[in-house]
Amino acid sequence: DRLLRISYLVGIFKAHNILHGLPLADEWVRLPNANRIFAGDTPLEYMRRGGLPAMQTVRRLLDARRGGM
């Protein structure tokens, strides 16, 4: 469980570094998000509430945005 959580978080951070660079990658999880998945909440709050399934959803969302690299 712990390693899976770490893997998701590292993947999320890596995807954002590729998509937007380090400054936004650091802030993105704490910014309100208009994407319907987050419903105006921050991605961090979404992941806190939803646990592993939510972390997996965020990781898949970002992987899809970067073309599945």
Side-chain angles (χ1 to χ4, degrees):
D1 184 60
R2 187 177 299 177
L3 288 177
L4 192 54
R5 289 175 189 270
I6 291 169
S7 172
Y8 285 146
L9 292 175
V10 168
I12 290 166
F13 182 76
K14 178 182 171 186
H16 254 282
N17 272 314
I18 292 168
L19 289 168
H20 302 291
L22 189 58
L24 184 56
D26 281 344
E27 291 297 317
W28 181 80
V29 295
R30 292 185 218 101
L31 297 173
N33 196 305
N35 186 303
R36 69 185 178 108
I37 291 171
F38 307 116
D41 267 343
T42 67
L44 182 59
E45 186 56 37
Y46 172 76
M47 290 186 285
R48 281 184 185 154
R49 278 194 321 266
L52 282 174
M55 294 171 86
Q56 183 180 33
T57 298
V58 173
R59 172 95 186 256
R60 286 181 176 171
L61 171 72
L62 295 174
D63 284 347
R65 284 185 181 168
R66 65 184 186 105
M69 296 183 217

Within this structure, what is the CG-CE distance for the pair Asp41 and Met47, rounded to the nearest 0.5 Å? 11.5 Å

Contacts of Tyr8 that satisfy ring-ring contact (aromatic ring centres under 6.0 Å, His included) - sequence neighbours left out: none

Is the shortest heavy-atom distance from the side chain of Arg59 to the side chain of Leu62 under 4.5 Å? no

Nearest 0.5 angstrom please: His16 NE2 to Arg65 CZ, how far? 6.5 Å

Value rounded to 0.5 Å, distance of CD1 in Ile12 from CD in Gln56: 10.5 Å

Test side chain to side chain contact (heavy atoms under 4.5 Å, CB included) applied to Ile37 - qualifying residues, sequence neighbours left out: Asn35, Tyr46, Thr57, Leu61

Between atom CZ of Arg5 and atom CG of Asp1, what is the distance when rounded to the nearest 0.5 Å? 4.5 Å

Treating Ile, Leu, Val, Met, Phe, Trp and Tyr as nodes and any side-chain heavy-atom pair under 4.5 angstrom as an edge, say whether Ile18 and Val10 lie in one connected cluster. no

Please indicate whether Arg36 has more than 12 foreign heavy atoms, meaning atoms of other residues, nucleotides or ligands, lying under 6.0 Å from its CZ. no

Any heavy-atom pair between the side chains of Leu19 and Leu24 that's under 4.5 Å? no

Residue set satisfying side chain to side chain contact (heavy atoms under 4.5 Å, CB included) with Thr42, at least two apart, ordered chain then number -> Pro32, Leu44, Glu45

pair Asn33-Trp28: side-chain heavy atoms closer than 4.5 Å: yes

